[in-house]
Amino acid sequence: MEKMQQLEALKAAPKFVQEVFYIGVADKQNERVQSQLLDESIDRFTERVTNNFSDKQYRDLMKNDLDRFNDYNLDTEDREYICGFYEKIMDAIELESSDGVLNNWLYDF
């Protein structure tokens, strides 16, 4: 139940807001859509928590959801922010490693 609460808190939190090392989303026109993509991803992770997904299944889900952001011309800071957000999701579901999924997407390997 704690995982679900943490995921719901992430979903309720504002996205792409200015932080110490992040000035906010570069392309304000796509901010709402990109926030929605994060919320939809949280919904998919929430559904999987009740089904006890394996770590590999969570990583596959993360990879597919990250790929949805490829349609936007994201700068490095936005990509780093999105990866940081997925790290928060990983913490919530107790996934210790992305096994390279985040780095591969961030650096476009």
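Computed from a predicted model, the values in this text were never measured in an experiment.
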Note, Leu37 side chain near Asp65 side chain (heavy atom, < 4.5 Å):
no

For atom NZ of Lys56, is the number of surrounding heavy atoms from other residues, nucleotides or ligands below 6.0 Å larger than 12?
no

Mind checking the OG-NZ spacing from Ser98 to Lys63? Nearest 0.5 Å is all I need.
12.0 Å

Above 12 or not: heavy atoms from other molecules or residues under 6.0 Å from CG of Asn73?
no

Could you check whether any side-chain N or O of Arg68 sits under 3.5 Å from a backbone N or O of Asn64, counting only pairs where one atom can act as donor and the other as acceptor?
no

For Asn30, enumerate each residue passing the side chain to side chain contact (heavy atoms under 4.5 Å, CB included) test, keeping only those at least two apart in sequence or located in another chain.
Asp27, Gln34, Tyr72

Closer than 4.0 angstrom, basic N to acidic O: yes or no for Lys15 and Glu31?
no

How long is the straight-line distance from CG of Leu74 back to CZ of Phe69, given to the nearest 0.5 Å?
7.5 Å

Can Met62 and Leu95 be said to form a side chain to side chain contact (heavy atoms under 4.5 Å, CB included), step by step?
CA-CA 11 Å; Met62 189 181 327; Leu95 180 63; 3.8 Å; yes

Is there a side-chain hydrogen bond (donor to acceptor under 3.5 Å, both in side chains) between Asp67 and Trp105? Walk through the geometry before answering.
CA-CA 8 Å; Asp67 286 345; Trp105 182 78; 4.6 Å; no

Contact between Asp108 and Asn70 at the side-chain level, heavy atoms closer than 4.5 Å - yes or no?
no

Side-chain heavy atoms under 4.5 angstrom apart, residues restricted to Ile, Leu, Val, Met, Phe, Trp, Tyr: same cluster for Val17 and Ile82?
no

Using distance alone, with no hydrogens and no angle criterion, decide if Tyr86 and Ser41 have a side-chain donor and acceptor under 3.5 Å apart.
yes

How far apart are the closest heavy atoms of Leu102 and Leu66, and which atoms are they?
CD2-CD1, 3.8 Å

In the structure I gave you, are the side-chain heavy atoms of Ile93 and Arg48 within less than 4.5 Å of one another anywhere?
no

Measure the spacing between CZ of Phe45 and CE of Met90 and express it to the nearest 0.5 Å.
9.0 Å

Assign the ring pair Tyr58 / Phe53 to parallel, tilted or perpendicular, where the plane angle (0 to 90°) is split at 30° and 60°.
tilted

Hey, can you pull the donor-acceptor pairs under 3.5 Å for the side chains in residues 18-26, sequence neighbours left out?
{"unit_1": "Tyr22", "atom_1": "OH", "unit_2": "Val25", "atom_2": "N", "d": "3.1"}
{"unit_1": "Tyr22", "atom_1": "OH", "unit_2": "Asp78", "atom_2": "OD1", "d": "2.6"}

Give me the one residue out of Lys3, Glu8, Glu2 that meets side-chain hydrogen bond (donor to acceptor under 3.5 Å, both in side chains) with Gln6.
Glu2

To the closest 0.5 Å, what do you measure between CD (Gln57) and CG (Asn51)?
9.0 Å

Considering only NZ, NE, NH1 and NH2 on the basic side and carboxylate oxygens on the acidic side, decide whether Arg79 and Asp75 come within less than 4.0 Å.
no

